[in-house]
Amino acid sequence: MLKRTHHCNELRTAHEGETATLAGWVNTYREHSKSLVFIDLRDRHGLTQVVFDLADSPADIVDVAQGLRREDVIAIRGLIRKRGGGANPKLDTGEIEVVATELEVLNKAETPPILPDDQEAEKMGEEVRLRNRYIDLRRPKMQRILETRSRIAQFTRAYFHQRDFLEIETPLLIKSTPEGARDFVVPSRLEAGSWYALPQSPQLFKQILMIAGCDRYIQIPKCLRDEDPRADRQAEFTQIDLEMSFIDQEDVLDTMGGFATELWKETLGVDIGEIPRMTWHEAMETYGIDRPDLRFGLEISDISDLAAKTDFKVFTGAMEKTSPMGSGVVKAFRVPGGVEKLTRKMTDGYSEWVKTFGAGGVPTTKCTGDGFESGVGRFVEPIAAELIERLGCEKGDTVFFAADTWEVATRAIGELRIRIARDLDLIDHDAWRFVWVVDFPMFELDEESNRWVALHHPFTAPKPGQEGLLETDPGKCISAGYDLVVNGSEIGGGSIRIHRPDVQQKVFDLIGLSPDEAEAKFGFLLRALKHGAPPHGGIAFGLDRLVMHIVGTDNIRDVIAFPKTQSGGDLMIDAPSAIDDAQLVELNVRSTVPAPTA
RNA sequence: GGGGCGGUAGCUCAAUUGGUUAGAGUACCGGCCUGUCACGCCGGUGGUUGCGGGUUCGAGUCCCGUCCGCCUCGCCA
């Protein structure tokens, strides 16, 4: 076999006159005649034009070259020379070509179902790309993403190793626990009737590692949650997971803020500056979401006090509602110049759309400068002056309202804010707006069960000084949890953990986990906490989402080599699939449904 | 589980109100071409219209069911 001396994006005019051997895939062929054939040879790095020219190449290989087709795998040896027909400015190697003197067809390819072409792929159905992933991944764009992902992982390891973190692997076959997402489970062969769960994250193991004296832990683990995927979410995903001992919240924020800063510098050459902070409360009130997108304005105001002065039933009725967060509210934001930019069709559409978030609609009106007209204008007339001042309205603004329980109104208007920013193209797509969201509530009340549930997870510590509220008013207790958000997307989250068994037991009590259950599910943690647990805390970044941001895609499947579809399938290997009855018998498992026909 | 969009040649798409033998580009095959680079020119092959029913003289088109893909609500401590 011809062994390559260079890759396909390496040769330049400086190599003129030298001999090179290249190997790769036939990207395109241009069969110019029986005696002149051009091949663009492709590998991971790029393209190089190879020419088979009867004047300079042996006749037998020119003959073989005529039969070359896309995606054939070949190696060639030849002389590097300046191109006879002028340079191709589109290629890095466009100044030169290799005139082949030897050709080895390493593997003829069947006619490919798809071509590894970035432009074609834009138009192509994703289904056919996933089914033929080995061809799709040959595309320059996909290769660049894989490279970037690799570089990020590499950078991550270097960054944390330099800071004295230990990389430690945690098990994949663990124990199913209540709370959290649905577990993927694995039947035990050796212990009939028992099941392992695949980890949703290494959360408890990394805490145990702190108790085990490891001090600083880092891992890039796979995590698995059996929930429906989304554009930015897969059941199987990767975290940058870490934990530190003898630290407080500031230490974690410093360490990870520094990491994000260095990572953006390293991969994008961007200085993201000091990362600001915002409390969860401020995020919810001003942006209607716990991961605010700060690339645009449209800030939200609570106008419940003004709304109470109107006779508008939509407002007053909403405020009479109650929910775990108290009485109902009316919120509003203005869209500067919205009268010009927003059509009736759009605003009608928004009213319909917010119903998916449980809101009844979106009351709307237009500012005339000193008052309001159309829509709900006449209802807000009594509070016009105050409303204009509160929102900072100017003539030509459109004002949107949400009136409902705090939860529904906040969510609906927060989503609407984002939707309008997208529709009106208010988002600066070159901006990187990072923000730490801090001071989350420890718990929220689940309306169905009327139980407290942990907002983050039940191992999150109360913020220092808040412990007493666990007894007196759990709903008011603020946690030592934090999320890192960039451009409205949560890329990481973590907390200082509970390191005292009595506090941990108290939290289990509050979320309705009986001592017996707590012992059965988390007994190992409670015991470990009793044997010398240092104060500790940590964070996990979603590697997939980091890569998405850095390479600029909104599809998580683009940054995973072998992703799954919306229904959890792998179209390339056709998983999941039926297994043999013998396997089931061995595992002591019986299916309740007919085996899928495969 | 709910809502929305989609599925026609290997790929991307077209096909009037239900109406002749389902077309085009590209890919592929054959021929021509010594400077192309999305090479070009000429000719050709290629279809279970996702699948299963139904309505009809007649279904890619209408109806029912089902499968698959994408977006989304629920879900994702």
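In what follows, chains are A, B, ... by sequence order, proteins preceding strands, each numbered from 1. Atom set for the values below is all heavy atoms of this structure, side chains included, hydrogens, waters and symmetry mates excluded.
Going from atom CD of A/Glu110 over to atom P of B/C11 covers 14 Å, rounded to whole Å. If you measure from atom CD1 of A/Ile39 to atom P of B/C39, you get 11 Å, rounded to the nearest angstrom. Residue A/Ile556 contributes atom CD1, which lies 12 Å from atom P of B/U72 at whole-angstrom precision. In this structure, A/Leu47 atom CG and B/C39 atom P are separated by 11 Å, rounded to whole Å. Computed from coordinates, the A/Glu227 CD to B/U72 P distance equals 16 Å when rounded to whole Å. At whole-Å resolution of the value, CD1 in A/Ile114 and C1' in B/U26 are 15 Å apart. In this entry the distance linking CD of A/Glu31 with C1' of B/U34 reads 12 Å, nearest Å. One interatomic measurement links the two molecules: CZ of A/Arg233 to C1' of B/G74, which rounds to 10 Å at whole-angstrom precision.
Of the charged side-chain nitrogens involved, none lies within less than 4.0 Å of a carboxylate oxygen, so that A/Lys321 and A/Glu407 do not count as a salt-bridged pair. Taking the charged nitrogens against the carboxylate oxygens, A/Arg182 and A/Glu227 do have a contact shorter than 4.0 Å, which makes a salt bridge. With respect to the salt-bridge test (charged N to carboxylate O, under 4.0 angstrom), the residues A/Lys141 and A/Asp118 do not qualify.
Using cut-offs of 30° and 60° on the angle between ring planes, the pair A/His7 and A/His45 is parallel. Note: A/Phe522 and A/Phe524 have tilted aromatic rings, judged against thresholds of 30 and 60 degrees for the angle between ring planes.
When heavy atoms are screened at a 4.0 angstrom cut-off, A/Pro113 is found touching the sugar-phosphate backbone but no base atom. When heavy atoms are screened at a 4.0 angstrom cut-off, A/Glu120 is found touching no nucleic acid atom at all. Across all strands, A/Gly86 comes closer than 4.0 Å to base atoms (heavy-atom distances). Nucleic acid contact class of A/Glu97 (heavy atoms, under 4.0 Å, all strands): base.
Note that CG of A/Asp241 is 12.0 Å distant from CG of A/Leu543, once rounded to the nearest 0.5 Å.
Under the Watson-Crick or G-U wobble criterion, with both distances below 3.5 Å, B/G6 is paired with B/C68. With a cut-off of 3.5 Å on both pairing distances, B/G58 has no Watson-Crick or G-U wobble partner at all. Figure legend. B/G43 is base-paired to B/C29; pairs are counted as Watson-Crick or G-U wobble with both atom distances under 3.5 Å. Searching all strands for a Watson-Crick or G-U wobble partner of B/A38 with both distances below 3.5 Å returns nothing. Nucleotide B/A24: paired with B/U12 (Watson-Crick or G-U wobble, both distances less than 3.5 Å).
Nucleotides B/U16 and B/G23 have their P atoms positioned 13 Å apart, rounded to a whole Å. With both ends at atom P, the span from B/G53 to B/U12 equals 27 Å, rounded to whole Å. The separation of B/G65 from B/A15, taken at their C1' atoms, amounts to 26 Å, rounded to a whole angstrom. Spacing between B/G46 and B/A24 at atom C1', rounded to whole Å, works out to 14 Å.
Contact of A/Gln49 with B/U36 (side chain to base): a donor-acceptor pair of N or O atoms is detected under 3.5 Å. Remark: the A/Arg129 side chain and the B/G69 base include no donor-acceptor N/O pair separated by less than 3.5 Å. No N or O donor and acceptor, one from the side chain of A/Glu127 and one from the base of B/G6, sit under 3.5 Å apart. At a cut-off of 3.5 angstrom, the base of B/C75 holds no donor-acceptor pair with the side chain of A/Arg182. Side chain A/Arg81 to base B/G35: a donor-acceptor pair is found below 3.5 Å.
Listed nucleotides B/U34, B/G1, B/C68 differ in distance to A/Leu571; the shortest reach to its side chain belongs to B/C68. Checked against B/C73, B/C37, B/C11, the side chain of A/Met124 finds its nearest nucleotide in B/C11. The side chain of A/Val128 sits closest to B/C11 out of B/C11, B/U34, B/U72. With distances taken from any side-chain atom of A/Arg70 to the nucleotides B/C76, B/C28, B/C75, the minimum falls on B/C28.
At B/A38, none of the side-chain N or O atoms of A/Gln119 fall inside 4.0 Å of OP1 or OP2 (strictly under the cut-off). Residue A/Ser33 places at least one side-chain N or O under 4.0 Å from the OP1 or OP2 atom of B/U34. OP1 or OP2 of B/G74 lies within a sub-4.0 Å distance of a side-chain N or O belonging to A/Arg411. Distances shorter than 4.0 Å separate none of the side-chain N or O atoms of A/Arg30 from OP1 or OP2 on B/U34. At B/G69, one or more side-chain N or O atoms of A/Ser567 fall inside 4.0 Å of OP1 or OP2 (strictly under the cut-off). Note on A/Thr111: every side-chain N or O is 4.0 Å or more away from OP1 and OP2 of B/A27. In this model, the phosphate group of B/U26 is not approached by any side-chain N or O of A/Lys123 to a distance below 4.0 Å at OP1 or OP2. Distances shown here put every side-chain N or O of A/Lys34 at or beyond 4.0 Å from the OP1 or OP2 atom of B/C33. Side-chain nitrogen and oxygen atoms of A/Arg69 include at least one within less than 4.0 Å of the OP1 or OP2 phosphate oxygen of B/C29. Note on A/Tyr29: every side-chain N or O is 4.0 Å or more away from OP1 and OP2 of B/A38.
Residues A/Pro292 and A/Val437 come closest through the heavy atom pair CD-CG2, 3.9 Å.
Heavy-atom distances to RNA chain B give each of A/Phe459 and A/Gly568 a nearest nucleotide, and the one nearer the 5′ end belongs to A/Gly568. Ranked by how close their nearest RNA chain B nucleotide is to the 5' end, A/Leu455 and A/Arg557 are led by A/Arg557.
For the pair A/Arg225 and A/Phe237, the NZ or CZ position fails the cation-pi test of under 6.0 Å to the six-membered ring centre and within 45 degrees of the ring normal.
Where stacking is scored as ring centres under 5.5 Å apart with planes under 30°, A/His32 does not register as stacked on the base of B/C33.
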Practice prompt. Could you walk me through whether A/Asp183 and A/Gln200 pass the side-chain hydrogen bond (donor to acceptor under 3.5 Å, both in side chains) test, one step at a time?
Written response: CA-CA 7 Å; A/Asp183 283 321; A/Gln200 298 178 24; 2.6 Å; yes
